[in-house]
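Only one structure is covered here, and it is reproduced in the block below.
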Protein chains: 2
Amino acid sequence: MEARQRRPIGRPRGFDADEALERALLVFWEQGYEGASLANLTDAMGISTTSMYATFGNKEELFRKALERYTEGPSAYLGRALDEPTALGVVTAIFAGTVRTTARPTGPNGCLGVQGALATGDSSRGARDLLIAWRDNGFSRIRERFERAVDDGDLPPETNPALLARYVTALAYGIAVQAAGGVGRDELQDMADAALRNWPPC
Amino acid sequence: MEARQRRPIGRPRGFDADEALERALLVFWEQGYEGASLANLTDAMGISTTSMYATFGNKEELFRKALERYTEGPSAYLGRALDEPTALGVVTAIFAGTVRTTARPTGPNGCLGVQGALATGDSSRGARDLLIAWRDNGFSRIRERFERAVDDGDLPPETNPALLARYVTALAYGIAVQAAGGVGRDELQDMADAALRNWPPC
DNA sequence: ACCCTTCTGCAGCGATCGATGCAGAAAATG
DNA sequence: CATTTTCTGCATCGATCGCTGCAGAAGGGT
């Protein structure tokens, strides 16, 4: 069989779908799902609504794909953090990644997974539930990493991994909320450093 | 002078403005500023849009008044917490109040001051900025309380009150985000208790 | 009685919401 | 060349958005 078709049949796309999705991600990140209108999105993406619907489906599907891109891009620090050899290293990397991603010198502040659709009307419940599942997935991965740390003897055997994961995610979400309100990167990093001086906290 | 006019001039209101505002508060709390449409609000309030505009001004003013009601009602625990004699007592009360208010057996979950308008479109920037100021006010009151605790010798003199206040508010916002996602009251309270076992954390 | 003031119900305002139908353009295929 | 497939630009859809004009109702003052 062939390695890959040279070009797909039919008229080729007149824009870069990846770059368009990146632009859409930035709009969702800054304005939230409900605050981002189709006009906002397509303007930023540089395409017509027709092209958007043909390529991405609809607004909710576009949001879902933007969230995937966010997970593999700005939020990819989580996966790397979980590979740190110690629980302390994991949490240090999580907090550093959270601060770096949510309080940025340019671009949107805050976390898409938090502010994208935290409280919504009925018509946006799909996006809201999607983010709830996204956050829950992050929590579960951290909890499982702490379970392994307990098994490794890295964390004391009496540690409650779920409780500890709740603590870490809560602090990370709190950092994201503060960053969304304009609190600066240095102040948030100092706070995270201070919180890490007591580890494990419970 | 008289104690009070018996009745104001003109046709009297056909509804209880306080109760209508309470209903509006619940809608904003659950659906956010952008997710709460005028139809949602007036339906819940049991009045017409005309009466709403005559009584409260417009949607943004209604939100402002609902936030005031929230501050003096569900969020009033903050003021009481700051009156606790020790910094540890203050933080314990703040966390307990946050958990109790954001993870409720009935009614909206989460914190209006966080999820009411965290990321919005341009047309809702007023509500967003209002909540940023609301959160900043809470932060400042906690920071000032910690400054006093340092002066009192209740907290070590090398304590950074602003940093500590960032930590407390971050954890509280994190609790609110988790509660908005459906995390239960007991689990959040256990986490807060565990975090308090190390105090001050920095 | 009469006027004045305030509130309510109905209807509808222009604008924007997310989403589509359709004709033609741009490519591969034959 | 003609055919097929896919994508684009234009125009627009019905629904909903926040909001308001207006006539009449419901009270007080004189």
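Each chain gets a letter, A, B and so on, in the order the sequences are listed, and its residues count up from 1.
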Please report the distance, rounded to the nearest Å, between CE in B:Met52 and P in C:dC7. 15 Å
Could you state the atom-to-atom distance from CG of A:Asp122 to P of D:dT16 in whole Å? 12 Å
Ranking B:Asn58 and B:Pro12 by the position along DNA chain D of their nearest nucleotide, the one closer to 5' is B:Asn58
With sequence neighbours excluded, give me every salt bridge (Lys or Arg N to Asp or Glu O under 4.0 Å) pair touching residues 128-145 of chain A. A:Arg143-A:Glu147
Mind calculating the distance between CG (B:Asn40) and P (D:dT16) to the nearest angstrom? 11 Å
Passes side-chain hydrogen bond (donor to acceptor under 3.5 Å, both in side chains), A:Asn137 versus A:Ser140? Steps please. CA-CA 5 Å; A:Asn137 178 62; A:Ser140 295; 6.0 Å; no
Please answer whether the main-chain N or O of B:Thr98 pairs with a side-chain N or O of B:Thr101 as donor and acceptor at a distance below 3.5 Å. no
Map B:Gly10 and B:Ser48 onto DNA chain C by nearest heavy atom, then report which one ends up closer to the 5' terminus. B:Gly10
For A:Glu61 and C:dA19, what is the distance between atoms CD and P respectively, to the nearest whole Å? 11 Å
Out of C:dA11, C:dT20, D:dC7, minimum distance to the side chain of A:Tyr53 belongs to C:dT20
Out of C:dC17, C:dT29, C:dT8, whichever nucleotide has its closest atom nearest the side chain of B:Arg11: C:dT8
What orientation do A:Phe146 and A:Trp199 show, parallel under 30°, tilted 30 to 60°, or perpendicular over 60°? tilted
N/O donor-acceptor pair, side chain A:Thr55 with base D:dC7, under 3.5 angstrom: no
Roughly, in whole Å, what's the span from CE in A:Met45 to C1' in D:dT8? 15 Å
Here the salt bridge (Lys or Arg N to Asp or Glu O under 4.0 Å) pairs for residues 80-97 of chain B, sequence neighbours left out, are none
Expressed as a whole number of angstroms, how long is the span from A:Phe15:CZ to D:dC7:P? 9 Å
Starting at atom CD of B:Gln31, determine the distance to atom C1' of D:dG18, rounded to an integer number of angstrom. 16 Å
Taking the side chain of A:Leu38 as heavy atoms from C-beta outward, which of C:dG18, D:dA25, D:dG18 is closest to it? C:dG18
Report which part of the nucleic acid B:Ala17 touches: base, sugar-phosphate, or nothing (heavy-atom distance under 4.0 Å, all strands). nothing
Among D:dC17, D:dT8, D:dG28, the nucleotide that comes nearest once only the side chain of B:Ile9 is considered: D:dG28
For B:Lys59 and for B:Thr50, locate the closest nucleotide of DNA chain D by heavy-atom distance; then report the residue assigned to the nucleotide nearer the 5' terminus. B:Lys59
Need one value for A:Ser51: base, sugar-phosphate or nothing, where a base atom within 4.0 Å counts as base even if backbone is also close, heavy atoms only. sugar-phosphate
What is the distance, to the nearest angstrom, from the CZ atom on A:Phe56 to the C1' atom on D:dT8? 15 Å
Does C:dA19 have OP1 or OP2 under 4.0 Å away from a side-chain N or O of A:Thr49? no
